[in-house]
Amino acid sequence: MPEVAITIGPKTYNITCGEGEQDKIRSLGALIAEKRAELGPSAAPQESQNMLFTAFFLADELSEARRRLEDESKGTASAKAELESALNNIEHEKSKSGGKKAELRAEIATLRKSEARAREELATVKAELAQMREEAAHQHDLFGASVDADAIAASLEQLADKAEATAFAIEGSLEAPRVEDPRPKP
C-alpha cells in the first residue's frame, strides 16, 4: 500500500492509504495543516492539544456546512411544494377553460343553425313577396278598381327587411361571440 508523508505544524506524519488515494490524503493533510496554522502564537506547548484544537476548527466548519445544507434542503422542499401547487392551479384553470370552450362551441353551433333557418325563412318570404306582387298586378276589387299593389308591396317589403335584419343580427352574434371572464367573481 502506498504511503504519503504530510506535515502538520512542526511534525511530519506518514499515512498509509489505498492505491490512487495519495492526492486525496495530501489535500486533506494540507487542509489540516492550514487549520493548525490558524492557532499561530497561541499554539499549546503539547502538539496533541494543538491537533485537538485543529480538529475542533474542522468540526465547527463541518457542522456549519451541514446546517446550511439542511436549511437549503428545507427551502428547496418548500419551493417544490409551491411549484407543485402552482402547477395544480394551472391544470385546474386549463380544465375550466376547456369547459368554457365546449360551451362556446355549442352556442356557436346553435346560432349557426338559427342563422340558417332565418336565411331559409328570408328566402321563402322574398319568394312569396315576388309572387304576391305578380298576383297583385293582375287583381281588381269587386267594383273593378285595381288593388293598391304598391301599398301591399311596401308592406311586404318592410316584412322582408325585418326578416333580413334578424338574419344579419344572428350572423353578427356568430362573428363576435360573447366571452365571459373565467376569473371567479368577488
Side-chain angles (χ1 to χ4, degrees), residues 1-119 166-186:
M1 289 189 118
E3 195 170 278
V4 177
I6 58 170
T7 302
I8 300 172
K11 282 185 101 175
T12 299
Y13 301 91
N14 291 320
I15 308 293
T16 304
C17 61
E19 192 64 45
E21 293 183 341
Q22 296 94 324
D23 288 339
K24 182 178 179 181
I25 296 297
R26 284 186 194 101
S27 176
L28 292 173
L31 181 63
I32 295 169
E34 180 183 321
K35 288 297 166 192
R36 165 61 174 82
E38 288 179 15
L39 291 174
S42 64
Q46 293 182 353
E47 193 55 28
S48 61
Q49 286 180 325
N50 292 330
M51 291 301 275
L52 179 62
F53 287 128
T54 301
F56 276 126
F57 287 154
L58 291 170
D60 183 45
E61 284 183 10
L62 177 62
S63 173
E64 184 63 26
R66 284 180 177 168
R67 186 196 58 76
R68 281 194 311 266
L69 180 62
E70 186 177 303
D71 289 349
E72 288 175 9
S73 177
K74 287 178 185 175
T76 302
S78 174
K80 182 179 177 183
E82 288 177 21
L83 180 60
E84 286 177 3
S85 175
L87 287 173
N88 287 338
N89 287 341
I90 289 170
E91 286 299 320
H92 178 69
E93 289 299 320
K94 188 177 174 183
S95 68
K96 279 176 38 179
S97 72
K100 288 286 184 186
K101 283 181 185 178
E103 284 179 32
L104 290 174
R105 285 187 184 121
E107 187 175 339
I108 288 170
T110 301
L111 290 173
R112 284 189 176 146
K113 289 176 185 175
S114 296
E115 177 194 16
R117 282 192 303 272
R119 287 190 184 277
T166 302
F168 282 119
I170 290 172
E171 184 178 10
S173 69
L174 285 175
E175 291 173 6
R178 200 180 69 215
V179 178
E180 294 183 16
D181 188 354
R183 295 176 288 184
K185 293 184 170 84

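This one's a predicted model, so the numbers in the text were calculated from it and none came from an experiment. The first residue in the sequence is number 1, and the count goes up from there. Below, all heavy atoms of this structure are taken into account, side chains as well, without hydrogens, waters or symmetry copies.
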Open item on the list: Taking R68 first and then D71, would you say they form a salt bridge - that is, a charged N and a carboxylate O separated by under 4.0 Å?
Closed with: no
Open item on the list: When you compare the side chain of N89 with that of S85, does any pair of heavy atoms fall below 4.5 Å?
Closed with: yes
Task: Flag, side chain of E38 to backbone of R36, donor-acceptor distance under 3.5 Å - done: no
Open item on the list: Any side-chain to backbone donor/acceptor pair from S114 onto T110? Under 3.5 Å, distance only.
Closed with: yes
Task: Whether over 12 other heavy atoms sit under 6.0 Å from R66 CZ - done: no
Open item on the list: Surrounding CZ of F56 (heavy atoms of other residues, nucleotides or ligands, distance under 6.0 Å), is the total greater than 12?
Closed with: no
TODO: Taking T76 for its side chain and E72 for its backbone only, find out whether a donor-acceptor pair lies under 3.5 Å.
DONE: yes
Task: Residues E70 and K74 bridged, charged N to O under 4.0 Å - done: yes
Open item on the list: If you define the side chain from C-beta out and look only at heavy atoms, does anything of M1 sit under 4.5 Å from C17?
Closed with: no
Task: Shortest non-hydrogen contact from Y13 toward E47 - done: OH-CG, 4.1 Å
Open item on the list: Any salt bridge linking R119 with E115? Criterion: basic side-chain nitrogen under 4.0 Å from a carboxylate oxygen.
Closed with: yes
Open item on the list: Using a 6.0 Å cut-off, check whether atom CZ of F53 has over 12 heavy atoms from anything other than its own residue.
Closed with: no
- [ ] Please report the shortest heavy-atom distance between E3 and T16, naming the atom on each side.
- [x] OE1-OG1, 3.7 Å
